[in-house]
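As C-alpha coordinates, the structure follows; a few thoughts come after it.
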Amino acid sequence: MLDRLPISIRPVSFSERGKKLSGVFEISVLDRLSDILQDTSGIVEIDVSFEKEGSVPTVQGNIKTNLKLECQVCLSQFELLIDRDFKLGFVTSLEQADRLTNDCEPFIMEDENVSLVELIEDEVLLALPDIPKHDYECVKRNDEDITIVDEEQQLRSDNPFSVLAKLKNTGD
Ligand SMILES: [Zn+2]
(Lines give C-alpha, C1' and ligand atoms only; values in the text may rest on other atoms or scores of the structure.)
Protein backbone atom coordinates (compact mmCIF):
# COMPACT_ATOMS: atom_id res chain seq x y z
CA MET A 1 0.00 0.00 0.00
CA LEU A 2 1.35 3.39 -0.93
CA ASP A 3 1.76 6.04 1.72
CA ARG A 4 0.07 9.39 1.85
CA LEU A 5 2.51 12.05 0.83
CA PRO A 6 3.20 15.24 2.79
CA ILE A 7 1.78 18.42 1.25
CA SER A 8 5.04 20.26 1.78
CA ILE A 9 8.67 19.18 2.06
CA ARG A 10 11.86 20.53 3.63
CA PRO A 11 14.55 19.93 1.02
CA VAL A 12 17.51 20.82 3.29
CA SER A 13 16.67 18.49 6.16
CA PHE A 14 15.22 15.80 3.85
CA SER A 15 18.45 15.65 1.85
CA GLU A 16 20.59 15.55 4.97
CA ARG A 17 18.64 12.49 6.09
CA GLY A 18 18.57 10.90 2.61
CA LYS A 19 14.81 10.73 2.84
CA LYS A 20 12.76 8.77 0.33
CA LEU A 21 9.12 9.38 -0.45
CA SER A 22 6.77 7.22 -2.41
CA GLY A 23 3.05 7.58 -2.60
CA VAL A 24 0.23 9.10 -4.52
CA PHE A 25 -1.71 12.34 -4.92
CA GLU A 26 -5.23 12.50 -6.27
CA ILE A 27 -5.06 14.27 -9.63
CA SER A 28 -7.88 16.54 -8.43
CA VAL A 29 -5.61 18.23 -5.82
CA LEU A 30 -3.49 19.61 -8.67
CA ASP A 31 -5.54 22.72 -9.49
CA ARG A 32 -3.74 24.07 -12.54
CA LEU A 33 -3.58 20.62 -14.11
CA SER A 34 -7.23 19.89 -13.32
CA ASP A 35 -8.25 23.03 -15.24
CA ILE A 36 -7.08 21.53 -18.52
CA LEU A 37 -8.31 17.97 -17.99
CA GLN A 38 -11.62 16.56 -19.15
CA ASP A 39 -11.78 14.24 -16.19
CA THR A 40 -9.78 14.65 -12.97
CA SER A 41 -10.26 11.15 -11.61
CA GLY A 42 -7.15 9.08 -11.02
CA ILE A 43 -3.83 9.44 -9.23
CA VAL A 44 -0.27 10.60 -9.72
CA GLU A 45 2.30 8.08 -8.47
CA ILE A 46 5.44 9.61 -7.03
CA ASP A 47 8.70 7.91 -6.10
CA VAL A 48 11.56 10.25 -5.17
CA SER A 49 14.69 10.39 -3.05
CA PHE A 50 16.48 13.35 -1.52
CA GLU A 51 20.26 13.60 -1.67
CA LYS A 52 22.98 16.21 -1.65
CA GLU A 53 25.23 17.26 -4.47
CA GLY A 54 27.99 19.24 -2.80
CA SER A 55 26.06 21.62 -0.61
CA VAL A 56 22.95 21.60 -2.81
CA PRO A 57 19.94 19.52 -1.75
CA THR A 58 18.54 17.53 -4.67
CA VAL A 59 15.50 15.42 -5.33
CA GLN A 60 15.28 12.85 -8.06
CA GLY A 61 12.85 10.20 -9.05
CA ASN A 62 9.84 9.46 -11.17
CA ILE A 63 6.22 10.47 -11.55
CA LYS A 64 3.59 8.45 -13.36
CA THR A 65 0.03 9.29 -14.19
CA ASN A 66 -2.65 8.77 -16.77
CA LEU A 67 -4.35 12.00 -17.85
CA LYS A 68 -7.70 12.37 -19.58
CA LEU A 69 -7.25 15.22 -22.03
CA GLU A 70 -9.22 16.66 -24.92
CA CYS A 71 -7.59 15.89 -28.25
CA GLN A 72 -6.92 19.29 -29.87
CA VAL A 73 -7.62 17.86 -33.32
CA CYS A 74 -10.86 15.88 -33.00
CA LEU A 75 -11.96 17.30 -29.60
CA SER A 76 -12.73 13.89 -28.14
CA GLN A 77 -11.19 12.61 -24.93
CA PHE A 78 -8.02 10.58 -24.97
CA GLU A 79 -5.66 9.20 -22.34
CA LEU A 80 -2.06 10.31 -22.12
CA LEU A 81 0.36 8.28 -20.07
CA ILE A 82 2.98 10.41 -18.32
CA ASP A 83 6.08 8.63 -17.09
CA ARG A 84 8.71 11.23 -16.26
CA ASP A 85 12.11 10.94 -14.61
CA PHE A 86 13.37 14.18 -13.17
CA LYS A 87 16.08 15.66 -10.99
CA LEU A 88 15.93 19.04 -9.30
CA GLY A 89 18.55 20.98 -7.39
CA PHE A 90 17.18 23.29 -4.69
CA VAL A 91 19.06 26.55 -5.00
CA THR A 92 18.72 29.97 -3.45
CA SER A 93 20.44 32.05 -6.14
CA LEU A 94 21.00 32.12 -9.89
CA GLU A 95 24.77 31.71 -9.34
CA GLN A 96 24.08 28.47 -7.51
CA ALA A 97 21.73 27.40 -10.32
CA ASP A 98 24.52 27.95 -12.88
CA ARG A 99 26.80 25.58 -11.03
CA LEU A 100 24.38 22.64 -11.16
CA THR A 101 25.30 19.65 -13.30
CA ASN A 102 23.50 19.35 -16.65
CA ASP A 103 21.17 16.56 -15.59
CA CYS A 104 19.80 18.71 -12.75
CA GLU A 105 17.16 21.43 -13.22
CA PRO A 106 17.23 24.34 -10.78
CA PHE A 107 14.38 24.88 -8.36
CA ILE A 108 14.61 28.31 -6.74
CA MET A 109 13.82 27.90 -3.07
CA GLU A 110 12.18 30.92 -1.48
CA ASP A 111 11.52 29.28 1.84
CA GLU A 112 12.78 26.19 3.68
CA ASN A 113 9.34 24.67 3.10
CA VAL A 114 8.47 23.77 -0.48
CA SER A 115 5.05 22.67 -1.67
CA LEU A 116 5.39 19.09 -2.89
CA VAL A 117 2.01 19.36 -4.62
CA GLU A 118 3.14 22.35 -6.70
CA LEU A 119 6.52 20.83 -7.46
CA ILE A 120 4.89 17.64 -8.75
CA GLU A 121 2.27 19.61 -10.65
CA ASP A 122 5.01 21.63 -12.42
CA GLU A 123 6.72 18.42 -13.48
CA VAL A 124 3.49 16.94 -14.85
CA LEU A 125 2.75 20.18 -16.76
CA LEU A 126 6.25 20.19 -18.24
CA ALA A 127 5.74 16.62 -19.44
CA LEU A 128 2.66 17.59 -21.48
CA PRO A 129 2.99 18.12 -25.21
CA ASP A 130 2.29 21.66 -26.53
CA ILE A 131 -0.72 20.39 -28.45
CA PRO A 132 -2.16 17.25 -26.85
CA LYS A 133 -3.66 14.99 -29.50
CA HIS A 134 -4.14 11.37 -30.45
CA ASP A 135 -0.92 9.73 -31.58
CA TYR A 136 -2.65 8.62 -34.78
CA GLU A 137 -4.47 10.57 -37.49
CA CYS A 138 -7.86 10.89 -35.81
CA VAL A 139 -9.25 13.37 -38.37
CA LYS A 140 -8.81 12.68 -42.06
CA ARG A 141 -7.52 15.82 -43.75
CA ASN A 142 -9.09 16.59 -47.12
CA ASP A 143 -10.96 19.47 -48.72
CA GLU A 144 -14.26 18.53 -47.12
CA ASP A 145 -12.79 19.08 -43.69
CA ILE A 146 -12.33 22.83 -44.08
CA THR A 147 -14.78 23.64 -41.29
CA ILE A 148 -13.03 21.35 -38.86
CA VAL A 149 -9.68 22.97 -39.63
CA ASP A 150 -11.18 26.42 -39.08
CA GLU A 151 -12.53 25.41 -35.72
CA GLU A 152 -9.21 24.03 -34.78
CA GLN A 153 -7.44 27.27 -35.60
CA GLN A 154 -9.89 29.24 -33.54
CA LEU A 155 -9.30 26.88 -30.69
CA ARG A 156 -5.55 27.42 -30.87
CA SER A 157 -5.76 31.17 -30.68
CA ASP A 158 -7.63 30.82 -27.41
CA ASN A 159 -5.86 27.76 -26.18
CA PRO A 160 -5.17 26.92 -22.51
CA PHE A 161 -1.97 25.24 -23.63
CA SER A 162 -0.36 28.55 -24.57
CA VAL A 163 0.06 28.95 -20.80
CA LEU A 164 2.05 25.74 -20.80
CA ALA A 165 4.23 26.96 -23.62
CA LYS A 166 5.08 30.01 -21.52
CA LEU A 167 5.85 27.86 -18.48
CA LYS A 168 8.21 25.76 -20.61
CA ASN A 169 9.99 28.81 -22.00
CA THR A 170 10.64 30.37 -18.62
CA GLY A 171 11.74 27.03 -17.20
CA ASP A 172 14.57 26.75 -19.70
ZN1 LIG B 1 -8.12 13.12 -31.83
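Please read these numbers as outputs of a predicted model, since none were measured by experiment. Throughout, numbering of the chain's residues begins at 1 and tracks the sequence.
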Which heavy atom in [X] sits nearest to a heavy atom in [Y], and how many Å separate them?
X	Y	result
L116	P6	CD2-O, 3.4 Å
S22	D47	CB-OD1, 3.6 Å
P11	P57	O-CB, 3.6 Å

Hey, does [Y] have a side-chain heavy atom less than 4.5 Å from the side chain of [X]?
X	Y	value
L21	V59	no
E51	S15	no
L125	I36	yes
C138	C71	yes
V44	V24	no
L67	I27	yes
L37	L33	yes
Q60	T58	no

Side-chain donor-acceptor pairs of residues 75-89 under 3.5 Å, sequence neighbours excluded:
unit_1: E79; atom_1: OE1; unit_2: N66; atom_2: ND2; d: 3.1
unit_1: D83; atom_1: OD1; unit_2: N62; atom_2: ND2; d: 2.8
unit_1: R84; atom_1: NE; unit_2: E123; atom_2: O; d: 3.4
unit_1: R84; atom_1: NE; unit_2: E123; atom_2: OE1; d: 2.8
unit_1: R84; atom_1: NH2; unit_2: E123; atom_2: OE1; d: 3.1
unit_1: D85; atom_1: OD1; unit_2: N62; atom_2: ND2; d: 2.9
unit_1: K87; atom_1: NZ; unit_2: E53; atom_2: OE2; d: 2.6
unit_1: K87; atom_1: NZ; unit_2: D103; atom_2: OD2; d: 3.4

Handout entry: Stepwise side-chain contact (heavy atoms from CB on, under 4.5 Å) check, V117 with D31
Key = CA-CA 10 Å; V117 173; D31 294 333; over 6 Å; no
Handout entry: Co-members of the apolar cluster containing V56 [side chain, <4.5 Å]
Key =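 The other cluster members (ILVMFWY side chains, heavy atoms under 4.5 Å, direct or chained) are V91, L94, L100, I108.
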[X]: partners by side chain to side chain contact (heavy atoms under 4.5 Å, CB included), with sequence neighbours left out:
X	answer
T92	Q96, M109
E95	S93, R99
S8	N113

Distance in Å, [X] [atom1] paired with [Y] [atom2], rounded so as to fall on 0.5 Å steps:
X	Y	atom1	atom2	result
T65	I43	OG1	CD1	7.5 Å
Q72	K133	CD	NZ	10.5 Å
E45	I120	CD	CD1	12.0 Å
E70	D39	CD	CG	13.0 Å

Exercise for the section: Using a strict cut-off of less than 4.0 Å between a Lys/Arg side-chain nitrogen and an Asp/Glu carboxylate oxygen, indicate whether R32 and D122 qualify as a salt bridge. Expected result: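 Counted as a salt bridge, because a side-chain N and a carboxylate O are separated by less than 4.0 Å.
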Problem - Residues which pass salt bridge (charged side-chain N to carboxylate O under 4.0 Å, His left out) with E16, listed by chain and number, not counting sequence neighbours - result: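 For E16, the residues satisfying salt bridge (charged side-chain N to carboxylate O under 4.0 Å, His left out) (neighbours in sequence not counted) are K52.
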Exercise for the section: Give every residue pair that meets the ring pair (Phe, Tyr, Trp, His ring centres under 6.0 Å) criterion with at least one member in residues 9-41, sequence neighbours excluded. Expected result: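 Pairs touching residues 9-41 that pass the test: F14-F50.
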Exercise for the section: For E26, enumerate each residue passing the side chain to side chain donor-acceptor pair (under 3.5 Å) test, keeping only those at least two apart in sequence or located in another chain. Expected result: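 For E26, no residue satisfies side chain to side chain donor-acceptor pair (under 3.5 Å) once neighbours in sequence are set aside.
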Handout entry: Partners passing ring pair (Phe, Tyr, Trp, His ring centres under 6.0 Å) against F107 (at least two apart in sequence or in another chain)
Key =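 F107 satisfies ring pair (Phe, Tyr, Trp, His ring centres under 6.0 Å) with F90 only.
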